[in-house]
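In what follows, residues are counted from 1 in the order of the sequence shown. One-based numbering, in listed order, for ligands and for the atoms of each.
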Amino acid sequence: MQQGTTRDGFSSKFGVLVAAAGSAVGLGNLWRFPYMVGENGGSAFIIIYILLMVVLCMPVMVAEFMVGRRAKRDVMGAFDVLAPRTPWKGIGVLGLTAALVILGFYCVVGGWTLAYMSNSVVPSFLSQTETYANSFQNLIAAPVQPLLWCFLFILLTALVVIGGVKNGIERYSKILMPVLFVMVMVLAVRALTLDTEMKGLKFLFQPDFSKVNGNTFLAALGQAFFSMSIGMGAMITYGSYIPKNSNLVKTSYGVMSTDLLFSLLAGLAVIPAVFAFGISPSEGPGLVFVTFPEIFSKLPLGNILSLIFFVLLGIAALTSSISLFEVLVAYLVDARRLSRRKAVGLVTCIVCVLGTLASLSMGTLKHLTIFGKNFFDCCDSLSANILLPLGGLFICLFVGWYMKPADVRDELTNGGTIRVPLFNAILFILRYATPIAILMIFASGMGWI
Ligand code: TRP
């Protein structure tokens, strides 16, 4: 991002919250969270997830905003400014890699969303003879169709990033996010009334800790990082646009609560329906694409509701993919001196290649596996389970141990003008709690302890 042109940043504190929440709320909440809950045994996973998010991850978001606002630069540049000629710049490299890896599969799922959006217009969409699971499988395994949708999603992201984020997406997010919220609420209520035997509610609220192991923690940690958009510098980039009078801790709380609310509501909409329709909760990445059409088919005006829902989901996905794209574009413009257009062009080409591989790995290239996983799953778990926690670990160490506590305090209290009651707790968490927890969770997830 060029100094002076877009660096002036968000106009209001509310604008900051909406943009950061727009990045956080996305497919991670509505698509990834429900299937993670399903695969990892329900309520025990949710409790661990909430605890990790509130205690360990919220301070990481504060740290990212703080680094960004202090340096007023992109991921790479930030560490150049705050720690010149040190290896801390490696965090930037890690962040750029994570952005690419995430985009690789994110745009494929974004494409599926667009495909469902257009399918909703077909009157027979909800009354087909095939099961929804079959039609989803047929869609994603096809060689050409999902690729085209994926490219369209990348193109839309690129157009917004070229055209400027603030006046477009940010303005619409303020209206569309609340509408999406209401929509998911309606789905949750319908799903709950379908779940007459309360199996879904039991799955969601009766914790069974007997199945919890290191992998559950790793999955919950990865999901928390992914869902909050932390661990790879997206929030550093956004932090660099935050006005000096914003309260960074309050903003982080706001983003985290919004994000959590969306995830829980999505769980409440998907899981009871899963049981009501006899779908397996560990169905995997297709879970929402199979269950939501089932709910829509049981609602009046199902097609229209389905259309609205997938449009909103597409927009939520777009506000998130933009923040990932922006991290790469900002770097190319800042450090590589590319024009914004060229930077967007280059990123678009690279992401199209990765998206093609990820999309084809659901069908044609299914047999091409890395560590027993296809390319799509590989990108997914590499980013959430390795790159993001690793990036988060280094960001904690940087803020907790490299930066002077006086500087951290100065930035968080806006030069001593506001009180930050939890300052010491936040610093403690960044210094000890989060790094140790990440290392332990890593070690046990990998089966080392
Ligand atoms: N948080 C987004 C979601 O839940 C995805 C996302 C956007 C993201 N930017 C990110 C994930 C940066 C990790 C890092 O869908």
Side-chain angles (χ1 to χ4, degrees), residues 18-37 49 53 57-58 60-61 63-65 68 74-75 91-92 94-113 153-154 157 160-161 165 169 173 177 180 184 220-239 252 255-267 285 288 312-331 347 351 379-395:
V18 169
S23 163
V25 175
L27 297 170
N29 307 67
L30 290 136
W31 161 74
R32 200 172 190 278
F33 179 75
Y35 91 78
M36 280 287 142
V37 172
Y49 169 76
M53 206 153 161
C57 296
M58 206 283 296
V60 180
M61 183 176 275
E64 284 202 23
F65 279 153
D74 66 292
V75 226
I91 300 178
L94 212 57
L96 295 175
T97 314
L100 277 177
V101 174
I102 297 174
L103 275 170
F105 73 93
Y106 206 86
C107 57
V108 174
V109 186
W112 298 344
T113 310
F153 185 81
I154 297 172
T157 310
V160 179
V161 176
V165 180
I169 278 294
S173 303
M177 281 297 182
L180 178 64
V184 185
L221 182 78
Q223 175 60 24
F225 269 77
F226 186 85
S227 176
M228 285 173 76
S229 301
I230 54 174
M232 51 74 71
M235 292 304 177
I236 294 183
T237 313
Y238 275 16
S252 307
V255 176
M256 183 201 68
S257 325
T258 314
D259 191 57
L260 192 56
L261 208 62
F262 266 97
S263 289
L264 294 179
L265 211 55
V288 294
L312 294 170
L313 184 60
I315 290 166
L318 206 58
T319 54
S320 301
S321 65
I322 286 162
S323 73
L324 290 160
F325 226 78
E326 184 66 36
V327 169
L328 294 160
V329 170
Y331 161 72
V347 175
V351 175
C379 287
D380 183 318
S381 59
L382 175 67
S383 58
N385 297 343
I386 297 177
L387 294 174
L388 297 179
L390 207 57
L393 172 68
F394 287 125
I395 289 167

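- With sequence neighbours excluded, no residue forms a salt bridge (Lys or Arg N to Asp or Glu O under 4.0 Å) with Asp259.
- Checked options Leu318, Leu27, Val109; the residue passing with Leu313 is Leu27 (criterion: side chain to side chain contact (heavy atoms under 4.5 Å, CB included)).
- Residues forming a ring pair (Phe, Tyr, Trp, His ring centres under 6.0 Å) with Phe105 (at least two apart in sequence, or on another chain): Phe376.
- Partners of Ser252 under the side-chain hydrogen bond (donor to acceptor under 3.5 Å, both in side chains) rule, at least two apart in sequence or in another chain, do not exist in this structure.
- A donor-acceptor pair under 3.5 Å is absent between the side-chain atoms of Ser23 and the main chain of Ala19, judged by distance alone.
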Need the list: ligand 1 N/O atoms against protein N/O atoms, distance under 3.5 Å, rounded to one decimal.
from     : atom 1 : to     : atom 2 : distance (Å)
ligand 1 : 1 (N)  : Ser23  : O      : 3.3
ligand 1 : 1 (N)  : Ala24  : O      : 3.0
ligand 1 : 1 (N)  : Phe226 : O      : 2.8
ligand 1 : 1 (N)  : Ser227 : O      : 3.2
ligand 1 : 1 (N)  : Ser229 : OG     : 2.9
ligand 1 : 4 (O)  : Ala24  : O      : 2.9
ligand 1 : 4 (O)  : Gly28  : N      : 3.2
ligand 1 : 4 (O)  : Asn29  : OD1    : 3.4
ligand 1 : 9 (N)  : Ser229 : OG     : 3.3
ligand 1 : 9 (N)  : Ser323 : OG     : 3.1
ligand 1 : 15 (O) : Leu27  : N      : 3.1
ligand 1 : 15 (O) : Gly28  : N      : 2.7
ligand 1 : 15 (O) : Tyr106 : OH     : 2.5

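- Listed for the Trp31 side chain is no donor-acceptor partner under 3.5 Å among the backbone atoms of Val288.
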